[in-house]
Every structure is written in structure tokens, then in C-alpha cells.
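Input: a single structure, listed below in C-alpha cells.
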Amino acid sequence: MQVLFSSSLCILLALLIHRVSSETFSRNKGEEHASFPPRGWNSYDSFCWTISEQEFLQNAEIISRRLRLYGYEYVVVDFLWYRRKVPGAYTDSLGFDVIDKWGRMIPDPDRWPSSKNGKGFGEVAKTVHSLGLKFGIHVMRGISTQAVNANTPILDVTTGAAYEESGRKWTAKDIGIKERACAWMQNGFMSVNTKLGAGRAFLKSLYVQYAEWGVDFVKHDCVFGDDLDLDEVTFVSEVLKELDRPIVYSLSPGTSVTPAMAKKVNGLVNMYRITADDWDTWGDVVSHFDITRDFSTANMVGATGLLGKSWPDLDMLPLGWLTDPGSNEGPHRRCKLTLDEKRTQITLWSMAKSPLMFGGDVRNLDYATYGLITIPTLLEINSFSSNNKEFPYVTGSKSLKNEDQVSTLQSGRHVTDGRSPKTHVLGLTSCEDVKAIGWSIEALDQDLEQICWREKLENKHQTPFCLYKRKSRVASDEDIGYQQKYQGKFHLLATDGSKFCLHASPKKKITSKEYRRGSFSPCQQDANQIWEFNPNGTLTNSYSSQCATLNSLRAKKAISTGVRSWIATGLKGEIYLAFFNLNSKKTVISAKISDLAKALPGRNLTGASCKGYEVWSRKDYGIMSQSISTPVEMHGSALFVLHCFTA
């Protein structure tokens, strides 16, 4: 135990140095952005959109006092801080937002009283900074529907007056792209035309204002994953480079994200979500294993980012005192995960070097949750470890009904109900991805065509998945511009003559465990429903500019079971080895010491032994030769700190 105690002190000292270095960075614009995965607190999991200034600052004060030492330095107000909390207001309501005369969102003065008289978040940011913390906000794509409906003028920050070009003043209606409204908040926000000087001027005015308020962190939502808006992300990144204030740039959500898609943006940002929303269910936790493996394999962890590094983000940690998705109510319930499931989550997030953004209301932070998010070893792994990757060379054995019968489980096995019928599931991927190639056009008669997916059919007699093609229809002369913009593109229908068209991106927020799939909604002028067939056999969606691919999955969603493992190395050459039991029974997980070298370049562990301890049980395993093995509770994890040596 003396060894463990001394090690913890060393780790805490390293974390303190990390915090001091980070605070120095906040005063020196030239320093690298996001040298380590950002760490902090976000209000969404506990307050959804309803948080007030008083509630926010109460949380910030506690974070400063109890969590800042552990590197939790950002406090972030999540979405709809500009929405009035009055009857009729909810996450996708229209007409309840507070905007200034330039169409920019400003804090609801009833919830954020210090924002009155044009102060915005300036006073809140000052208070946060006085606590030794950094202040962050959530923003949506483009411009609000409310500003477009009001047709507000656009601020030119270089003159301080309305933006003028080509002899006229430009307004919100000139730059808003109505058919590119956020898929899951259609009444809220739409893309702006970044090809127009007026569109760029509007976006610049937003981020200049955020810098003036003292913002240190921006979470930009509905611009990534299925909602990718590469033009806006690129321009915002350019604006942030020019500001006198360093701002960490984060993207959300991460639905359908692949490494190929992320490589388009990682150099423009500092962190980006790679999953849909994560909530406190085992299904959400377990859904992160494959995607984290893919991103580490693609060398995306700690890759080049905006003025520094970028980090794949597994979303907030929904632990402690929470609310519910989309709720109009603040924190009112405990996290539903078991203790073992919570340990699995924090261990995976740390080994994958995800940003750690705690989501619970810290005013009601229980001792067990506080202990989970302040484990020094996990925080050191999250900040300072290297060579982080999935370790596939593990096996697991578990008892069946007969206790003397044993089944062997390989790492990452997936089990499905073989009797369940199959269904077609539409996905989106980068158009450069070979998985997107497989669509073809088939003429049924002179006026009717189908778009069919014929790739990867299980047998030649299997019926291909087909949709009917229909040109986008123009309702009136006013829609001629819309027709010209989408010339050569079309809607896709399930049956000829149907009034329901395929949309690509979800029209509601989904969680990580939900498999994203295209579905049908009434046909309208919506870029989410507009498609273009390409000569190379790909099918591009006009909303996200991503390409459609099709998978055949069983109607009953596959459940990931078996065992998983991750490996990493520490600053002093120690090896971190994490075991994860995804089974519904206790499982003994084992790894050969000689196999560790397969994942660690330059390490020769032939004939080696390892001395180490397990973090969660605090058990000292002494010297282990040949293999490392331990029983792991259902949905639980084990984390070894190993010092290996040869005789």
C-alpha cells in the first residue's frame, strides 16, 4: 500500500504541473491549443437547457474548490442559454429566443441577470476566471430561424455598422439557407451561405462577440457527423485563428462519424465528437468500444488540431445527479449505471484519451462519484500516456449453467439472435470511403427510374434494396432559385407515387446505443431529402455532403458481448493494461505477457515478468510471469499498472 500511496502523490504532482501549464497557456496566445485532452464540466447532462446564472456559478465555485486540482478547468454552458424559460418553450420551439439587433443570440436576461444592458456573458466569464477556471459556451450552426424571420441586419465588425456590399445592405434572409435547417432542431437554426461576404461577416460577428465576452471554449453543434457543415467549420476555424483570445474549438454531434470524415476537420478544431449523445445506459457505454478502436488505429488521438492538437471526444460523463434528454426539468435523479459500469466508462474514456467533461450537478456530488472522476492513475493516463490502443490479444472464460463447463470468448465477439429477420440500415460515410460505392440507376420505363444498392448481397438471388427516383418539384415561381441550386438532384421514395421521401440525418437527437438509420418523412424542400448520383456509384446527400451506404442488420439490434482490452504506456515506461468484461456474467480475462510487445513498438518482453497492481481493487499482484489474469465482474473492468522486466 505504501507503493500505491507514493505513486498517487507523484501523479497528483504531475496533474498540478499540468494545470499550472494550462493556466499559463490561457495567458499566452502563442502556446499550443489543447496540448492534453480538455477536461471540465458541461451543464447538459444535469440541466439540459434550463440552467440559470446562479446554478451555473454555484457549480463553477465547487469545481474550482474540489476538482480544479485534478485538471477540471473548463465550465461550459450547454445549449439554449438564449431561450426564455416560459410556458411553451422547449428544445425545438420557435419564437422564444433572445437576439440582439444584429440577429445574434444573447443570454436570456431572466436566467442570466448579469447579461442585461448589453453585457452578454462578460460578467459570468469574469467570475469564472476569478475562480481559476475557463469559460465555455455551446452554439448552434449558422443563424437562428428567429433572426431570419425578423430579417435582422448583419453587423460588419470592421465598421461597426450594417454590412454593405454591391451598393446595398444585407440581411438575415439573404444569408440563411432554409432548406439546410439543422435536422434535429428544424425550428431553431439553419446554415448560412459562407460563399457570400454577408454570410462570412455574420459568422465573424458571432465569434468576435464571444471573444469580447471572455469565452475560452466553444462547443459548435449540428455541424459534424450526420450534420456535417464543412464550409462553416472551416470558416469559423479561420476566424478563431485571427482572434486575440485563444478559444478551444469543439464539434458536435458525432453520429455516423468515421476516421475518414474526421480527417477533414481534425486540423481545424481541438476536439470532435465521434458518437451520438452518451447517456447513462449500458447500451450507450458499450457502443463506444468499436469507434474508439477505429480512431486509435487511424492515429487520430492527439493528432494535429487548430493551433495545437485535436482529440476524438466520447461525450460527457453522465454520472452523479442528472436530468433526462430533452427535458424542461433540471437535475432530479441518480445515474442509472452500476458501479462496475461507471468504472468501465471512466476507464475506457481515460485509456482512449477522450476529453473528460463531467455532466452531473456537482452541488449534489456524492462521495463515490467524486472518487471515480478523481482517480489519479486514470487522470495521468488520460493526460500523459502514449501508444493508446485496443489490445486484441486477450481471452475470457466464464461459467455457464454447469459450473464446471467453460466457454472461451475472444476479444470483441458480437452475438446476434440468428432467428431475427434482417433489415436494411442506411448509413452515411465520407464519399472517399470505398464503402460508399455500390449504387446504380435502373430505368423501369421512359419516365421512371430506381436507385439500387447491389453491393455485398449475401447471394445472387437476394433482392437488391431499391428506391424510386423523383426530381425535386417546384411549387411556385418563387422556388426557381431552389430548383436551380439543386438541378440534377432528386428525392428518393419507397414506392412510386409516395408522398414520403428519404431523409439521411436523424430528425431527432439520438443516443449512442441507437443505430442511426435513414427514414421517411413528408417530401419538402429540405436538403436532408435531396440526393445526387455520382458516376463512381456513390449517392451524395445535399445536407451533409456525405454519401449513403447500406448495411444489412438484424431487426433485433446486435448486442456487443465478450471481452475487450486496451493498452498504453506511461511517462516512466510503465504499461497500463485495461480489461473490460462486456458479458452479463463474471468473466476471467487473461493476457500473455509476451503478447504485450505486439502492441508496444520497441519493447522486447520475451521471457519477461511483470510486477504490478490493479487500480480498482487496489490489489498488489506482486510478480506475474507468463500471463496476467483476473476475474472481472459483469460489465466491469480491471486496470493494471505494470512494470515489466526480463531476467
Side-chain angles (χ1 to χ4, degrees), residues 14-42 68 70-77 121 125 128-129 132-139 203-204 206-221 223-224 230 232-252 254 257 262-274 295 299-316 349 352-357 379 382-386 388:
L15 292 170
L16 180 60
I17 293 171
H18 166 210
R19 180 172 64 82
V20 172
S21 299
S22 184
E23 289 175 351
T24 301
F25 155 67
S26 71
R27 296 189 294 270
N28 294 283
K29 182 177 181 289
E31 296 288 332
E32 183 179 68
H33 283 43
S35 299
F36 309 98
R39 190 177 303 161
W41 177 81
N42 181 291
R68 187 167 67 109
Y70 296 94
Y72 291 86
E73 57 182 343
Y74 293 97
V75 285
V76 183
V77 183
F121 272 129
V128 168
H129 295 153
L133 300 172
K134 298 176 183 177
F135 177 61
I137 60 173
H138 171 289
V139 300
L203 289 176
K204 186 172 183 178
L206 295 179
Y207 289 85
V208 167
Q209 178 169 255
Y210 303 152
E212 290 172 349
W213 286 346
V215 170
D216 306 294
F217 180 104
V218 168
K219 175 183 174 182
H220 196 180
D221 210 346
V223 292
F224 194 46
L230 188 57
E232 182 166 331
V233 171
T234 301
F235 182 73
V236 169
S237 183
E238 292 172 357
V239 171
L240 293 177
K241 284 182 184 178
E242 298 171 357
L243 296 177
D244 291 331
R245 181 175 194 84
I247 295 178
V248 168
Y249 189 23
S250 169
L251 301 186
S252 185
V257 168
K263 286 178 180 178
K264 295 180 179 180
V265 304
N266 72 279
L268 305 171
V269 305
N270 302 113
M271 52 187 276
Y272 51 91
R273 282 268 299 282
I274 60 173
F295 272 79
N299 297 315
M300 299 298 288
V301 178
T304 300
L306 171 63
L307 299 175
K309 293 183 178 179
S310 62
W311 306 94
D313 177 18
L314 301 185
D315 202 10
M316 284 91 74
W349 266 234
K353 302 198 76 167
S354 169
L356 297 181
M357 292 290 178
L379 299 181
N382 183 248
S383 291
F384 304 118
S385 61
S386 57
N388 304 65

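Model, not experiment: these values are computed from the prediction.
Between Pro355 and Asp313, the closest heavy-atom pair is CD-CA, 3.8 Å. When all heavy atoms of Pro246 and Asp244 are compared, the pair lying nearest together is CD-O, 4.0 Å. Scanning all heavy atoms of the two residues, the minimum distance from Ile137 to Val139 falls at CD1-CG1, 3.9 Å. Considering every non-hydrogen atom in both Ser237 and Leu268, the closest pair reads OG-O, 2.7 Å. Contact record, Ser354 with Asn382: O-ND2, 2.9 Å, taken as the closest heavy-atom pair.
No side-chain heavy atom of Val248 sits less than 4.5 Å from a side-chain heavy atom of Asp216. Between Met357 and Tyr74 the shortest side-chain heavy-atom distance falls below 4.5 Å. Side-chain contact between Tyr272 and Ser250: absent, with no pair of heavy atoms (C-beta onward) separated by less than 4.5 Å. Contact check for Val233 versus Val236: no side-chain heavy atoms found under the 4.5 Å cut-off. Taking 4.5 Å as the limit, some side-chain heavy atom of Trp311 sits within range of a side-chain heavy atom of Val301. Using a 4.5 Å heavy-atom threshold, the side chains of Val77 and Phe135 count as touching. At a threshold of 4.5 Å between non-hydrogen side-chain atoms, the residues Val257 and Arg273 do not count as touching.
Here CG of Asn266 is found 4.0 Å from CE of Met300. Values are rounded to the nearest 0.5 Å. One distance of note links CD of Glu212 with CG of Leu243; it measures 9.5 Å at 0.5 Å rounding. Atoms CG and OG, from Leu356 and Ser383 in turn, are 8.0 Å apart once rounded to the nearest 0.5 Å. Here the straight-line distance linking atom CE of Met271 with atom CG of Leu306 works out to 13.0 Å at 0.5 Å rounding. Distance check: Lys219 NZ to Leu251 CG gives 11.0 Å after rounding to the nearest 0.5 Å. Here NZ of Lys309 is found 14.0 Å from NE2 of His33. Values are rounded to the nearest 0.5 Å.
For Phe36 and Phe384, the ring centers sit closer than 6.0 Å to each other.
Aromatic ring orientation, Tyr210 versus Trp213: tilted (interplanar angle from 30° to 60°). Between Tyr249 and Tyr207, the two ring planes are perpendicular [angle over 60°; tilted spans 30° to 60°].
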Go through the steps for Phe217 and Asn42 under the test side chain to side chain contact (heavy atoms under 4.5 Å, CB included), then give the verdict.
CA-CA 11 Å; Phe217 180 104; Asn42 181 291; 6.0 Å; no

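Between the side chain of Ser310 and the backbone N or O of Thr304 there is at least one donor-acceptor pair closer than 3.5 Å.
In this view, Lys263 satisfies the salt bridge (charged side-chain N to carboxylate O under 4.0 Å, His left out) rule with no residue, not counting sequence neighbours.
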